[in-house]
Amino acid sequence: MLGEGIIKGMAETARNFIGSYSDPERLVTVQYPEEHIPAKQNARNFPFLVFDVEDPVAGLRCVACKICEKECPPQCIYIVMDRDDKGKPCKHPKVFDIDVSVCMSCQICVEVCPFDAIKMDTEFELSETNRYGGLLLTKDRLSKSNEYYHKIHSVEAAEVDARLADEKAKAEEKVKAKLAAAATAKAAAQAAKPVAG
Amino acid sequence: MKTTVVEPPVPSGAPVGLPAGDGRFSLLPKTSFDGRVETELLEVAMGPHHPSTHGVFRMDVVLDGETIVKLKPVFGYLHRNHEKIAENVSYLASIPYTDRLDYLCSMTNNWAYALSVEKLAGLEPPERAEYIRVIMAELTRLANHVCLIGFLAQDMGALGTPLMYGFREREKILDLFEALSGSRMMCNYMRFGGCRLDLPPGWVREARVVVDNFPKFLEEFDNLLSGNEILMARTQGVGVLTAELAVNAGITGPMLRASGVNYDIRKVDRYGIYDRFEFRVPLGDHGDVYDRYMIRLLEMWESLKILRQALDDIPEGPVMDPNAKIRNFKPKPGECYERIEGPKGELGFYLVSDGGANPYRYRVRPPSLVNLTVLEDMCLGHNVADAVAILGSVDIVLGEVDR
Ligand code: SF4
Ligand code: SF4
């Protein structure tokens with residue numbers, strides 16, 4: 001019969017229409033500004049810098065190696081390394097800017113950073129009236145504590161902490177082994193002296 | 001279905017497209033037909049359309065009354081210099097750019113690119129990563145096809161309803177992508193030698209729920225549209241693409257199969273681990289818009305089959321080749337071309353490496369662009385309103401056409 005298909009389709013629409021008032025599976029709208037959908041574990045938006053101890057300046061993990069600056073696809077990171085009075089590099093960024101109006105939230109900077117210093121934030125309500133300066137995040141706005149990192153990505157942060165602790169322990173062991181080796185060498189040299197004399 | 005094929009009228013004045021006598025450039029010479037009222041061709045610029053549909057795209061059509069006698073696709077509005085940018089950044093840094101090629105299917109774009117670089121660098125993704133890739137590609141196919149059918153119906157005037165139903169289902173797939181990769185559309189997920197992250201706990205279970213609920217939705221879509229007389233009247237016999245022309249023009253993907261050519265790269269090349277799954281390749285008969293619509297619907301059923309098998313069989317293990325390097329990645333000199341069956345057709349990446357950190361040459365073979373080349377052949381002799389339906393059935397995303 002002509003029109004049968006249309007009627008069948010209309011029935012489908014009607015079923016959906018009624019369902020949208022009664023079926024709990026279909027009542028999915030979240031009243032956004034009042035309610036929020038909790039961010040997923042892996043959610044990412046813009047990068048931030050992690051600092052460890054209380055002091056957000058000295059505790060920054062970033063050593064200004066500029067790998068992320070080089071790898072960032074749209075080149076929106078700008079880093080200047082800090083130098084002391086004699087002009088020696090301090091392994092610390094003096095300037096660390098990310099232009100989030102250019103950033104494409106790709107997470108490449110996070111992946112290439114060898115020091116776990118830069119991570120992705122989940123903050124997304126960043127609207128600004130100042131279109132240029134307001135979206136250029138400087139070091140002080142980018143620095144966030146490790147606790148904050150734990151809050152937004154608990155699983156990943158725990159892994160990173162474990163890895164860092166592991167690396168630290170290994171490094172300490174290495175130093176100790178070096179010291180011990182130096183000590184034994186010294187002792188051996190001292191022991192050898194009288195014979196030589 | 002009755003179809004009227006109108007022969008393009010032969011203008012008696014200057015040939016179409018040549019400058020008119022008074023020096024002004026015009027596509028519209030005066031025409032007169034023997035024994036008929038003198039008519040004038042009319043040139044209409046359709047578009048550029050809003051990006052939220054297919055992208056910014058314009059068709060210059062020359063009309064005789066309602067009938068299309070000439071059609072010129074005009075694109076380039078969304079050109080972002082993708083290939084040149086990719087030649088100037090490292091191999092890793094162009095993965096996020098490939099997301100933005102066909103922004104509905106970032107996962108398959110990632111895969112095609114990763115496959116090329118893997119061939120260049122001789123990397124081998126582990127078993128689990130291969131399964132994850134297949135799952136992602138098939139989920140992407142579902143998401144792409146529901147969008148396409150929704151847009152096709154919307155282009156033909158079914159404002160909203162089918163599109164919103166499609167988006168409702170796509171939303172669930174995007175949630176899966178978000179839980180995995182952190183982003184809904186710009187996933188940036190696959191890497192050379194595997195995948196960036198392992199599946200989060202419980203992900204496979206959630207994916208199974210989505211896959212199990214999908215047939216219900218497909219049946220609903222079927223009820224809603226497939227038997228609809230208006231849809232049939234608008235699409236059957238419209239925009240016929242013959243198998244011969246399709247093959248000669250290099251058309252790939254569902255468009256080619258709607259014309260009855262059995263060519264699916266998943267079956268032909270068996271890249272990844274597609275040889276392990278059992279699925280069929282639906283083929284069309286007439287090569288018209290309705291067949292193209294139906295092929296997509298049937299393909300979704302086959303994708304569900306693959307998904308079920310992959311979700312059942314996925315093994316435990318690492319997701320990254322241990323030889324893969326993130327920093328300082330420099331494949332040895334050489335060239336390669338790898339392709340996959342994207343939701344829109346053959347998506348291939350051609351790479352030339354000179355041993356440096358950036359590709360020396362980087363070229364994308366976008367399915368949408370090649371599929372668009374036969375638009376004029378399909379539209380000639382049809383009404384203006386049909387051109388919209390035909391364009392909708394080609395399945396283009398301008399991010400990929402213009403790059
Ligand atoms: S964030 Fe990481 S990669 Fe970037 S400069 Fe600092 S330490 Fe280097
Ligand atoms: S997320 Fe991507 S675009 Fe943004 S700063 Fe990091 S590397 Fe650059």
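Note that the structure is a prediction, hence the values are computed from the model and not measured. These numbers come from the heavy atoms of this one structure, side chains and all, not from hydrogens, waters or symmetry mates. Each chain gets a letter, A, B and so on, in the order the sequences are listed, and its residues count up from 1.
- Each of B:E178, B:R191, B:R184, B:E220 has some count of heavy-atom pairs under 4.5 Å with chain A, and the biggest count is that of B:E220.
- Within a 6.0 Å radius of OH in A:Y32, other residues, nucleotides and ligands contribute more than 12 heavy atoms.
- The number of heavy atoms from other shown groups lying within 6.0 Å of OH (A:Y78) does not exceed 12.
- In this structure, chain A has a heavy atom under 4.5 Å from the side chain of B:R196, while its backbone stays farther away.
- Contact annotation for A:C113: only backbone heavy atoms (N, CA, C, O) come within less than 4.5 Å of a heavy atom of chain B.
- The backbone N or O of A:K8 lies less than 3.5 Å from no partner atom in the side chain of B:N223, so there is not a single donor-acceptor pair.
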Audit row: B:Y97, A:M104, side chain to side chain contact (heavy atoms under 4.5 Å, CB included) steps and yes/no:
CA-CA 9 Å; B:Y97 284 119; A:M104 56 192 206; 3.9 Å; yes

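- With sequence neighbours left out, the side-chain hydrogen bond (donor to acceptor under 3.5 Å, both in side chains) criterion links B:N109 to no other residue.
- Atom CG of B:L231 is separated from atom CD1 of A:I6 by 10.0 Å, given to the nearest 0.5 angstrom.
- By the 6.0 Å contact criterion, CZ on A:F124 is enclosed, its count of non-hydrogen atoms from other residues, nucleotides or ligands being greater than 12.
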Listed pairs under 3.5 Å, donor-acceptor, residues 62-70 of chain A side chains, sequence neighbours left out:
residue : atom : partner : partner atom : Å
A:K66   : NZ   : A:I79   : O            : 3.4
A:E69   : OE2  : A:I79   : N            : 3.1

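- Below 4.5 Å, heavy atoms of chain A meet heavy atoms from B:Y165, B:R168, B:D175, all part of residues 163-176 of chain B.
- A 6.0 Å sphere centred on CG of A:L179 holds more than 12 heavy atoms belonging to other residues, nucleotides or ligands.
- Between atom CG of residue B:L92 and atom CD1 of residue A:I108 there is a gap of 4.0 Å, rounded to the nearest 0.5 Å.
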Which side-chain N or O atoms in residues 41-51 of chain A pair as donor and acceptor under 3.5 Å with protein atoms at least two apart or in another chain?
residue : atom : partner : partner atom : Å
A:Q41   : NE2  : A:S154  : OG           : 2.9
A:N42   : ND2  : B:A179  : O            : 3.0
A:N42   : ND2  : B:L180  : O            : 2.8
A:R44   : NE   : B:S181  : O            : 3.1
A:R44   : NH1  : A:S105  : O            : 2.5
A:R44   : NH2  : B:S181  : O            : 3.4
A:R44   : NH2  : B:M186  : O            : 3.1
A:R44   : NH2  : B:C187  : O            : 2.6
A:N45   : ND2  : A:E123  : O            : 2.6

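- To the nearest 0.5 Å, atom CG of residue B:N188 and atom CD of residue A:E111 are 6.5 Å apart.
- Atom NZ of A:K40 and atom OG of B:S183 lie 11.5 Å apart (nearest 0.5 Å).
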